[in-house]
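Take a look at the structure below.
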Amino acid sequence: NDASTMPLRDDGRFDLILAAETTYTPESAKDTAELLGRHLRVNTGVGLVATKRYYFGVGGGADAFRQAAASVVVKAGLPGEEVGCE
């Protein structure tokens, strides 16, 4: 089944979003943070982003994602830290 034909929830928000290797540049980190902010269910949605601490030569990674997430009011932390979306 093609994911592009799958119906979205009525409100376009989800309980869980998984992402991997989506924060390799500062721009892609910002795009990922904005997507999570737009599509995670408010107060209860969880986004799990697998990323390297730093992508050499392109500038993205965990720190770039945290900075981007702070700018779109998405809480971001390391495993074991309490995180969520406001």
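Counting begins at 1 with the first residue of the sequence.
- A 4.5 Å side-chain heavy-atom check between Tyr54 and Asp63 finds every atom pair outside the cut-off.
- Counting heavy atoms from C-beta on, the side chains of Glu21 and Thr51 never come closer than 4.5 Å.
- Contact record, Arg13 with Leu40: NH1-O, 2.6 Å, taken as the closest heavy-atom pair.
- The CG atom of Leu36 sits 9.5 Å away from the CG atom of Leu48 when rounded to the nearest 0.5 Å.
- When atom types are taken as modelled, the side chain of Ser71 and the backbone of Ala68 share a donor-acceptor pair closer than 3.5 angstrom.
- A donor-acceptor pair under 3.5 Å is absent between the side-chain atoms of Thr23 and the main chain of Gly60, judged by distance alone.
- Residues Pro26 and Ala64 share a closest heavy-atom pair of CA-CB, 4.4 Å.
- Atom NE2 of His39 is separated from atom CG of Asp11 by 10.5 Å, given to the nearest 0.5 angstrom.
- Counting non-hydrogen atoms of neighbouring residues, nucleotides and ligands closer than 6.0 angstrom, the OH atom of Tyr55 exceeds 12 such neighbours.
- In this structure, Leu35 is not a member of the same hydrophobic cluster as Tyr24, with clusters built from ILVMFWY side-chain heavy atoms closer than 4.5 Å.
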Worksheet entry | Stepwise side chain to side chain donor-acceptor pair (under 3.5 Å) test for Thr22 and Ser28 | CA-CA 6 Å; Thr22 60; Ser28 64; over 6 Å; no
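- Linking ILVMFWY side-chain heavy atoms closer than 4.5 Å, directly or via other members, places Leu18 and Val46 in a single hydrophobic cluster.
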